[in-house]
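In what follows, every chain begins at residue 1, and chains take the letters A, B, ... in the order their sequences are listed.
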There are 2 protein chains.
Amino acid sequence: MTIEPVPVHDPADTVWRLLTALLMVRKEEFPALAASFGLNPGAMHALLQLDPEEPQSMSSLAGAWKCDASNVTWLVDRLEEHGLAERRAHPGDRRIRTVALTRKGAKIRSQVEARMYEAPDNLRALSLRDLETLAKILRKIVPEDRSRP
Amino acid sequence: MTIEPVPVHDPADTVWRLLTALLMVRKEEFPALAASFGLNPGAMHALLQLDPEEPQSMSSLAGAWKCDASNVTWLVDRLEEHGLAERRAHPGDRRIRTVALTRKGAKIRSQVEARMYEAPDNLRALSLRDLETLAKILRKIVPEDRSRP
DNA sequence: TATTGTTATACTCTATAACTATA
DNA sequence: TATAGTTATAGAGTATAACAATA
């Protein structure tokens, strides 16, 4: 005797399943994408969260990246080795070091984003009408800034 | 002078950005979900890809999990420690060891899936009409089996 | 001899604890 | 004394290479 799984009736869960299935493939591509730029996934994630305009302190990065300060040191070292970021002095407090994207870092970052946000073929196969319907509905629940990281 | 990013015009890319933003939060929850079952993310991933019905050889798992055979040994050791999977002899070839989910493994696996496929609150906030529209469109491009892993 | 899986070992990434320099 | 960041060190997870058993 086999225990059958309880069927999903909740429409939100149904949509969630469909979305997860759609995204799963891309998620697995991330490490390869990072590697294609000579970075490990952690450093790539860090690169994407660095703001080209606003240098941040090491400690605030530890908060943003949800990792230990010593790991921030290590990750920023990796980015510096690739010439993608640089440590700078803080004007008011000589204990603080800020991290800023270099010109090259900003360029690579936007290249990576372009690759990440390239829609997969199956999505591209939808009609313009369907795509616009999707966008309209999704915009109701996705804050504008989160859709343009 | 700052170089402005090229605006995204392609409607498929726009939708893709929205979808990615929506899924990002959940993706970050995965390690915590794994930890709540006493597993590391790798072992959890492995558990989810083990078929309750079909035992698989170690080498085929290395292919499926995209990792080295020695790592399969390590991961299956972890699952066995928790009583979630077990090695079995292959009837025809004594070199081969197959890996099968235990009864407990199948149970935990479906619990994990239930947690993973629970829609987040913002999705739940959509109207039934919107959810049905989403499901209808997404089903055009998501193969039925991929939406029910 | 070739293949399957394990063991021995090394490397990568992350964390904790001790340390340096500023405040 | 407290805080920011680094360095020293340890641990988890993954890979490569050598090995034992079987084909």
**Asked** Considering only side-chain heavy atoms of B:R94, which listed nucleotide, D:dT14, C:dT6, D:dA23, is closest?
**Response**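 It is D:dA23.
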Requested in this report: Could you work out which one of D:dA17, C:dG5, D:dA4 sits closest to the side chain of B:S70?
Outcome: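 Among the listed nucleotides, the one closest to the side chain of B:S70 is D:dA17.
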[N] [atom2] sits how many Å from [X] [atom1], rounded?
{"X": "A:N40", "N": "D:dA15", "atom1": "CG", "atom2": "P", "value": "14 Å"}
{"X": "B:I96", "N": "C:dG5", "atom1": "CD1", "atom2": "P", "value": "6 Å"}
{"X": "A:Q56", "N": "D:dA4", "atom1": "CD", "atom2": "C1'", "value": "15 Å"}
{"X": "B:R97", "N": "C:dT7", "atom1": "CZ", "atom2": "C1'", "value": "13 Å"}
{"X": "A:H45", "N": "C:dT14", "atom1": "NE2", "atom2": "C1'", "value": "15 Å"}
{"X": "A:W74", "N": "D:dA8", "atom1": "CH2", "atom2": "P", "value": "17 Å"}
{"X": "A:L75", "N": "C:dC13", "atom1": "CG", "atom2": "P", "value": "9 Å"}
{"X": "A:D77", "N": "D:dG5", "atom1": "CG", "atom2": "C1'", "value": "11 Å"}

Residues from residues 80-91 of chain A lying under 4.0 Å of DNA chain C - heavy atoms: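 Per residue number, the list is empty: none.
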| said: Does B:K140, at its NZ atom, have more than 12 non-hydrogen atoms belonging to other residues, nucleotides or ligands within less than 6.0 Å? | reply: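 Yes, because the 6.0 Å sphere around NZ of B:K140 holds more than 12 heavy atoms from other groups.
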Say you draw a straight line from CE of B:M116 to CZ of B:R109; how long is it, rounded to the nearest 0.5 Å?
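With rounding to 0.5 Å, CE (B:M116) is 10.5 Å from CZ (B:R109).
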Q.
Can you tell me how far apart CG (A:L138) and OG1 (B:T14) are? Round to the nearest 0.5 Å.
A.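 A:L138 CG to B:T14 OG1: 11.0 Å, rounded to 0.5 Å.
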- Message: Below the 4.0 Å mark, does C:dC13 have OP1 or OP2 next to a side-chain nitrogen or oxygen of A:R78?
- Response: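 For C:dC13, OP1/OP2 do not have a side-chain N/O of A:R78 under 4.0 Å.
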Run A:E81 and A:R78 through salt bridge (charged side-chain N to carboxylate O under 4.0 Å, His left out) and show every step you take. CA-CA 5 Å; A:E81 279 172 9; A:R78 298 291 80 69; 2.6 Å; yes
Which heavy-atom pair separates [X] from [Y] by the least distance, and what is that distance?
{"X": "A:R88", "Y": "A:P55", "answer": "NH1-CG, 4.0 Å"}
{"X": "B:H90", "Y": "B:G92", "answer": "CD2-N, 3.1 Å"}
{"X": "A:R87", "Y": "A:E80", "answer": "N-OE2, 2.7 Å"}

Inset, instruction - Ignoring hydrogens and angles, tell me if any N or O in the side chain of A:S57 forms a donor-acceptor pair with the backbone of A:I96 under 3.5 Å. - result: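 Pair absent, no side-chain N/O of A:S57 close to backbone of A:I96.
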- Between residues 57-68 of chain A and DNA chain D, which residues have a heavy-atom gap below 4.0 Å?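 Correct list: A:S57, A:M58, A:S59.
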Is there a donor on the side chain of A:T73 or the base of D:dT7 sitting less than 3.5 Å from an acceptor on the other?
->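 When only heavy-atom distances are counted, A:T73 does not reach the base of D:dT7 through any donor-acceptor pair under 3.5 Å.
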- Tell me which of A:N71 and B:T98 sits closer to the 5' end of DNA chain C, going by the nucleotide each one is nearest to.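 Looking at the nearest nucleotide for each, B:T98 comes out on the 5' side.
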* **Residue met sooner reading DNA chain C from 5', once A:D93 and A:A69 are mapped to nucleotides** =>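 It is A:A69, whose closest nucleotide lies nearer the 5' terminus.
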Holding to side chain to side chain donor-acceptor pair (under 3.5 Å), I want the full list of residues that pass it with A:D68, two or more places apart in sequence or in another chain.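 Residues passing side chain to side chain donor-acceptor pair (under 3.5 Å) with A:D68: A:S70.
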